[in-house]
Amino acid sequence: MATFLYKLGRFAFRRRHYVALIWVALLTLAGVAAASAPAAGSSSFSIPGTEAQKAFDLLDQRFPGASSDGATARVVFKAPAGEKMTDKLNKATVKKTVKELAAGSEVTSVTDPFKQHAVSKDGTVAYASVRYDVSGTELKDSSRNALEAAGHHAEKAGLTVEVGGDALQSGAAAGGAGEAIGLAIAAVVLVITLGSLVAAGLPLLTAIIGVGIGVSTITALAKALDLGDTTSTLAMMIGLAVGIDYALFIVSRYRSELAEGRDREEAVGRAAGTAGSAVVFAGLTVVIALAGLSVVGVPMLTKMGLAAAGTVVVAVLIALTMIPAMLGYAGRKVRAAGEKRRTHPHATPKDKPGLGARWASFVVRRPAAVLLLGVAGLGAIALPATQLELGLPDDGSQPTSTTQRRAYDLLSEGFGPGFNGPLMIVVDAKGSDAPKKAATKVADDIKGLKDVVTVTPAAFNKAGDTATITVIPDSKPSSVQTEDLVQAIRDQGADVKADTGARVLVTGTTAMNIDFSQKLNDALVPYLALVVGLAFLLLIAVFRSVLVPLKAALGFLLSVLAALGAVVAVFQWGWLGGLLGVEQTGPIMSMMPIFMVGVVFGLAMDYEVFLVTRMREAYVHGETPGQAVVTGFRHSARVVAAAAVIMISVFSGFITSSESMIKMIGFGLAIAVFFDAFVVRMAIVPAVLALLGKRAWWLPKWLDRALPNVDVEGEGLRALSDEAAGAGKDDEDRELVRV
């Protein structure tokens with residue numbers, strides 16, 4: 001591996017014009033394709049294999065044209081103080097609004113509150129339901145504008161009007177200004193770390209090009225592959241972070257090689273062969289973690305994971321080829337300001353130990369105390385994760401400043417909290433001798449259950465073999481009581497099937513959310529086993545050790561649990577919520593645990609590979625285990641810390657998003673990287689290695705013979721370096737003339 005990348009780096013350095021041209025051409029082609037591609041519209045949300053999805057599919061078959069997955073809106077009206085919605089003027093205003101709404105080109109139906117008994121018992125609140133023939137994100141802006149305009153007309157007449165439902169749903173917003181701030185912080189960190197504007201600019205430039213290619217490709221394929229806006233946001237988030245980090249590690253290693261007296265082309269080759277090998281294996285762990293999301297069985301997550309993995313692949317390829325090419329253009333300007341050129345080849349710097357080396361020496365002297373403190377600290381932060389409540393965001397989780405949240409509150413006030421999460425019961429009586437009797441039995445049985453407020457009469461399709469029943473729970477959609485009610489209805493369905501031959505299915509948005517959460521929970525352990533298992537085997541080959549990969553995996557679990565604890569404390573309990581712009585607390589997004597496991601595992605292994613490979617390299621070259629730990633920190637700690645700060649900055653930029661899911665993901669990833677880089681990798685890892693000593697690098701002989709020699713340490717480069725040594729000086733002079 002190291003030899004191949006060494007040759008690739010030198011080739012890219014010598015043929016830098018062609019390499020740069022190829023990447024610019026790819027960026028241009030991707031940009032043109034994205035600009036000319038049709039609008040993506042909505043990413044369909046489905047959960048194959050769940051009861052709620054089966055019911056939706058059945059409704060599409062038995063109720064053709066009903067648009068069961070179409071957008072819905074509830075226009076909620078509240079009468080002025082002292083008045084009622086049934087008053088003549090208020091009633092006339094509502095009827096006029098209903099007429100305006102029905103004129104929409106994408107509207108399939110609008111209910112009249114006074115005909116559908118959609119007025120609260122005290123007469124102060126009423127609502128009109130609007131159904132569209134397309135989903136919320138496919139809805140035209142003109143339809144949304146018409147919906148809002150109809151409400152404004154009613155407000156002018158003195159009513160309070162709020163609009164809820166997914167008809168106002170729009171694409172997920174990225175970080176916006178916060179994202180730009182994150183990049184600005186990353187630039188400052190790069191300048192401070194590298195001490196050169198040119199060196200700092202290279203990782204930013206190549207990362208932006210890589211993300212541009214990745215996101216543009218996703219945009220171009222969005223319509224054909226049914227990719228949502230969140231897919232490109234995730235790809236941008238991950239692509240920027242790893243793109244900057246991977247380039248930073250190669251640039252930093254290149255500068256180290258220059259400082260040891262090697263000529264520029266040789267320094268590029270060795271940087272690509274050593275740091276480049278670490279980039280390849282770090283990138284592979286990220287790709288494994290992201291692509292592994294496919295095992296969950298949710299198409300949306302699969303597409304998000306594969307798209308982000310593709311962007312990571314682009315980031316790795318750019319780091320291995322474009323960075324060497326750009327280093328050829330940069331000349332010696334990548335050196336820190338004031339750094340003197342060393343005249344003796346392969347000279348070793350005699351600078352006094354830096355902060356990283358001093359910290360490593362301290363940890364090696366007191367490994368047990370550092371290990372205990374690190375594990376106890378992360379364990380304490382992880383405690384809130386024991387109270388984790390999962391769910392999917394609804395209008396009740398929106399900020400109180402939004403019309404969706406105010407509509408949610410008005411409906412809860414007028415009709416009860418469960419009104420915002422109705423359950424749809426589908427009675428498939430095609431195999432029953434008495435369909436109406438079966439539907440009546442289902443309705444009667446549900447009325448006898450706890451936590452039920454209303455059960456509507458069964459509504460049959462034209463064929464008379466399928467009926468729908470709407471059930472209004474007494475509890476809010478995201479409550480445990482509503483989840484128990486769904487399970488109780490499903491349990492009763494088995495008895496109905498046995499008695500009448502009719503099949504009972506529970507669906508609707510609330511049931512879909514419950515099934516989605518359950519599916520993710522069921523997939524978490526198999527996903528962990530697959531991803532951690534594959535990465536464990538990969539790291540065994542990289543480190544030629546069994547205990548080092550095991551320690552890496554256990555450290556990751558500790559950091560991700562601590563990150564989940566922090567997410568619960570902020571987004572579920574509300575701690576520091578005001579500081580982070582969290583206006584409404586509630587259950588944690590269902591996909592957050594499995595998503596964090598996937599992404600954070602890949603990123604955590606990045607730092608493990610970059611930090612421990614330098615320790616392994618020092619150990620292989622004859623240093624004692626304790627000395628190797630200090631050497632690894634002397635060469636890598638500063639750069640790993642800078643890379644972590646950069647990644648945290650990029651992720652933190654997405655905390656400013658108005659989209660609750662993006663905000664939560666940005667915070668979760670940022671805090672997870674902080675815990676993993678600065679507590680696990682910088683404290684727990686050296687402490688464990690110091691305690692293990694030589695045992696850390698133990699590998700059974702039979703396994704050593706079976707594993708391929710990936711040569712991350714660059715042992716194979718010595719022969720190549722000797723061959724190039726004679727020609728190195730002449731090449732250097734020629735390069736200086738060309739520059």
Side-chain angles (χ1 to χ4, degrees), residues 45 47 50 230 233-234 237-238 285-286 288-305 308-309 378-379 381-394 397 478 480 483 512-535 553-573 575 582 585-605 651 654-655 659-676 680:
F45 181 77
I47 316 174
T50 61
T230 307
T233 302
L234 173 64
M237 187 187 298
I238 303 298
T285 59
V286 179
I288 288 172
L290 291 170
L293 289 171
S294 305
V295 304
V296 179
V298 177
M300 180 186 71
L301 272 181
T302 299
K303 294 170 186 176
M304 288 173 64
L378 290 182
I381 298 172
L383 284 177
T386 60
Q387 305 298 317
L388 176 68
E389 296 178 11
L390 296 177
L392 285 179
D394 56 17
S397 63
S478 58
V480 175
E483 186 174 343
M512 184 71 85
N513 290 350
I514 292 171
D515 287 353
F516 182 55
S517 298
Q518 187 60 49
K519 190 174 183 71
L520 291 176
N521 288 339
D522 293 342
L524 184 57
V525 173
Y527 174 70
L528 260 177
L530 173 69
V531 172
V532 176
L534 288 176
L554 294 176
F556 149 73
L557 291 175
L558 188 58
S559 60
V560 81
L561 285 174
L564 277 175
V567 169
V568 170
V570 173
F571 290 89
Q572 186 174 309
W573 294 355
W575 294 4
V582 180
T585 60
I588 303 304
M589 184 178 57
S590 299
M591 69 175 69
M592 195 66 187
I594 199 166
F595 183 79
M596 282 187 65
V597 165
V599 177
V600 175
F601 180 77
L603 300 180
M605 294 306 103
F651 290 150
F654 290 85
I655 297 176
E659 180 70 28
S660 61
M661 182 173 75
I662 299 300
K663 181 189 291 287
M664 190 180 295
I665 288 175
F667 173 80
L669 294 182
I671 199 70
V673 169
F674 174 79
F675 290 149
D676 196 86
V680 174

Requested in this report: Could you check if a side-chain atom of Val680 sits within less than 4.5 angstrom of a side-chain atom of Phe556, using non-hydrogen atoms only?
Outcome: no
Derivation and outcome, side-chain contact (heavy atoms from CB on, under 4.5 Å), residues Met304 and Leu293: CA-CA 8 Å; Met304 288 173 64; Leu293 289 171; 5.7 Å; no
One should read off an interatomic distance between Leu520 CG and Met592 CE, to the nearest 0.5 angstrom, of 12.5 Å
Of all heavy-atom pairs linking Gly668 and Ala563, the shortest is O-CB, 4.2 Å
Sequence neighbours excluded, the answer for side-chain contact (heavy atoms from CB on, under 4.5 Å) partners of Ala385 is Leu564
Any side-chain heavy-atom pair from Val532 and Val597 closer than 4.5 angstrom?
no
Hits for side-chain contact (heavy atoms from CB on, under 4.5 Å) against Val570, two or more places apart or cross-chain, chain-then-number order -> Leu580, Val582, Phe667
d(Leu558 CG, Asp676 CG) to nearest 0.5 Å is 9.0 Å
Sequence neighbours excluded, the answer for side-chain contact (heavy atoms from CB on, under 4.5 Å) partners of Ser294 is Thr302, Leu306
Hits for side-chain contact (heavy atoms from CB on, under 4.5 Å) against Leu388, two or more places apart or cross-chain, chain-then-number order -> Leu390, Val568, Gln572, Ile588, Pro593
Nearest heavy-atom contact between Ala566 and Phe675 is CB-CE1, 4.4 Å
Would you call Val600 and Val673 a side-chain contact if the rule is heavy atoms closer than 4.5 Å? no
Any side-chain heavy atom of Met589 within less than 4.5 Å of one from Phe571?
no
Rounded to the nearest 0.5 angstrom, the CG-CD1 distance for Leu669 and Ile655 is 9.5 Å
Value for OG (Ser559) from CD1 (Ile381), rounded to nearest 0.5 Å, stands at 11.0 Å
Residue pairs passing the side chain to side chain donor-acceptor pair (under 3.5 Å) test with at least one member in residues 518-534, sequence neighbours excluded, are Gln518-Asp522
Hits for ring pair (Phe, Tyr, Trp, His ring centres under 6.0 Å) against Phe651, two or more places apart or cross-chain, chain-then-number order -> none
CE (Met596) and CD1 (Ile671) are apart, to the nearest 0.5 Å, by 9.0 Å
Non-hydrogen side-chain atoms of Phe601 and Val560 separated by less than 4.5 Å: no
